[in-house]
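See structure below.
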Amino acid sequence: MAISNMTIRRPLLIMGIAATVAVLLFLYFLNPVETALAPKCVFHAATGWSCPGCGMQRFLHAMMHGRFLEAIRYNYLLVVLIPYITLYAIQRLCLKGHAQQQWRKVLEGRTVTYALCILAPAWFVIRNILHI
């Protein structure tokens with residue numbers, strides 16, 4: 001008996017949503033700046049440089065508490081990536097058929113892919129040169 005793709009996909013989706021909710025609850029109730037429980041960036045610890053994702057936990061914590069300007073200062077790249085990730089999740093999880101194909105053409109298209117592949121390394125260089 002063959003296992004359908006949907007049989008495997010549903011539990012993975014539920015586990016992914018549960019994990020996301022758990023992480024967001026953790027970040028809502030525990031400030032990553034004040035707790036030792038929050039994981040630290042291994043790349044930053046090893047090199048002293050900030051990776052493109054450094055500040056993500058602090059960004060999310062501040063954002064969930066309505067401190068938008070503070071959040072943006074922790075990681076400017078996330079101002080672009082959070083909306084992209086949200087739209088990508090909507091496209092993958094909520095849309096079907098033609099609508100999903102149209103969104104996929106944009107979100108997974110060559111232009112957006114190239115832009116993201118340039119944006120992340122550029123942010124890495126800029127934030128370490130300017131010490132942002």
Side-chain angles (χ1 to χ4, degrees):
M1 177 182 220
I3 298 175
S4 74
N5 189 18
M6 197 60 188
T7 305
I8 295 171
R9 210 169 164 193
R10 185 168 304 238
L12 290 176
L13 176 63
I14 291 168
M15 287 188 312
I17 291 170
T20 301
V21 168
V23 168
L24 290 175
L25 284 171
F26 173 84
L27 288 173
Y28 183 83
F29 290 109
L30 295 172
N31 187 343
V33 174
E34 299 171 354
T35 181
L37 297 174
K40 306 300 180 220
C41 179
V42 176
F43 181 80
H44 187 270
T47 66
W49 294 350
S50 295
C51 74
C54 278
M56 186 180 304
Q57 294 174 55
R58 293 171 289 163
F59 175 97
L60 290 171
H61 178 79
M63 190 67 92
M64 288 188 288
H65 287 277
R67 299 189 310 263
F68 303 113
L69 293 177
E70 178 185 338
I72 291 168
R73 279 183 285 226
Y74 284 128
N75 192 324
Y76 295 105
L77 180 63
L78 294 175
V79 173
V80 174
L81 289 184
I82 298 268
Y84 173 78
I85 292 167
T86 302
L87 290 173
Y88 184 82
I90 290 169
Q91 178 261 136
R92 295 293 294 210
L93 301 174
C94 300
L95 300 178
K96 300 287 182 229
H98 182 69
Q100 185 181 41
Q101 290 174 349
Q102 292 300 105
W103 279 46
R104 184 178 289 156
K105 282 181 188 177
V106 174
L107 295 172
E108 297 177 27
R110 183 175 287 168
T111 303
V112 173
T113 302
Y114 286 157
L116 292 173
C117 287
I118 292 168
L119 192 60
W123 171 239
F124 170 74
V125 171
I126 290 167
R127 80 180 313 184
N128 284 294
I129 289 173
L130 299 177
H131 302 288
I132 298 175

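Everything numeric here is computed off the predicted structure, so don't read it as measured data.
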task: Please report the shortest heavy-atom distance between F43 and C51, naming the atom on each side.
output: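 Looking at all heavy atoms of both residues, the closest pair is CD2-CB, 3.8 Å.
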- request: Work out which heavy atom in Y74 is nearest to a heavy atom in A62; give both atom names and the distance.
  value: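 Result for this residue pair: CE1-CB, 4.2 Å.
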- request: Report the residues that fulfil side chain to side chain donor-acceptor pair (under 3.5 Å) with R67, sequence neighbours left out, ordered by chain and then residue number.
  value: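 Partners of R67 by the side chain to side chain donor-acceptor pair (under 3.5 Å) criterion, ordered by chain and then number, come out as E70.
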I need the [X] [atom1] to [Y] [atom2] distance, nearest 0.5 Å.
{"X": "C54", "Y": "I132", "atom1": "SG", "atom2": "CD1", "answer": "13.0 Å"}
{"X": "L77", "Y": "I82", "atom1": "CG", "atom2": "CD1", "answer": "9.5 Å"}
{"X": "T113", "Y": "I118", "atom1": "OG1", "atom2": "CD1", "answer": "11.0 Å"}

- prompt: Taking a hydrophobic cluster as the set of Ile, Leu, Val, Met, Phe, Trp and Tyr residues connected by side-chain heavy atoms closer than 4.5 Å, whether directly or through intermediates, do I129 and Y76 fall within one such cluster?
  reply: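 Yes; tracing contacts between hydrophobic side chains, which count when under 4.5 Å, links both residues.
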- request: Following the transitive rule for hydrophobic clusters with a side-chain heavy-atom cut-off under 4.5 Å over Ile, Leu, Val, Met, Phe, Trp and Tyr, establish whether I72 and L130 coincide in one cluster.
  value: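 Linked, I72 and L130 end up in one cluster.
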Side-chain atoms of residues 19-38: list all donor-acceptor pairs with protein atoms under 3.5 Å, sequence neighbours left out, distances to 0.1 Å.
residue: T20; atom: OG1; partner: G16; partner atom: O; Å: 2.8
residue: N31; atom: OD1; partner: V33; partner atom: N; Å: 3.0
residue: T35; atom: OG1; partner: L37; partner atom: N; Å: 3.1

field: Qualifying side-chain hydrogen bond (donor to acceptor under 3.5 Å, both in side chains) pairs with a residue from residues 36-58, counting only residues at least two apart or across chains
entry: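 Residue pairs with at least one partner in residues 36-58: there are none.
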- prompt: If you look only at pairs with a residue in residues 121-132, which of them pass as a side-chain hydrogen bond (donor to acceptor under 3.5 Å, both in side chains), with sequence neighbours excluded?
  reply: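 For residues 121-132, and leaving out neighbouring residues, the side-chain hydrogen bond (donor to acceptor under 3.5 Å, both in side chains) pairs sorted by first residue read N75-W123.
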query: Which residues satisfy the salt bridge (charged side-chain N to carboxylate O under 4.0 Å, His left out) test with R73, sequence neighbours excluded?
result: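 Partners of R73 under the salt bridge (charged side-chain N to carboxylate O under 4.0 Å, His left out) test: none.
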- request: Starting from the C-alpha separation in whole Å, work towards a yes-or-no answer on side-chain contact (heavy atoms from CB on, under 4.5 Å) for L60 and L78.
  value: CA-CA 9 Å; L60 290 171; L78 294 175; 5.7 Å; no
- prompt: Is there side-chain contact between L116 and Y84, with at least one heavy-atom pair below 4.5 Å?
  reply: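 In contact.
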Below 3.5 Å, can you tabulate the donor-acceptor pairs from side chains in residues 98-112 to any protein atom, sequence neighbours excluded?
residue: Q100; atom: NE2; partner: Q91; partner atom: O; Å: 2.9
residue: R104; atom: NE; partner: Q91; partner atom: OE1; Å: 3.3
residue: E108; atom: OE2; partner: Q91; partner atom: NE2; Å: 3.4

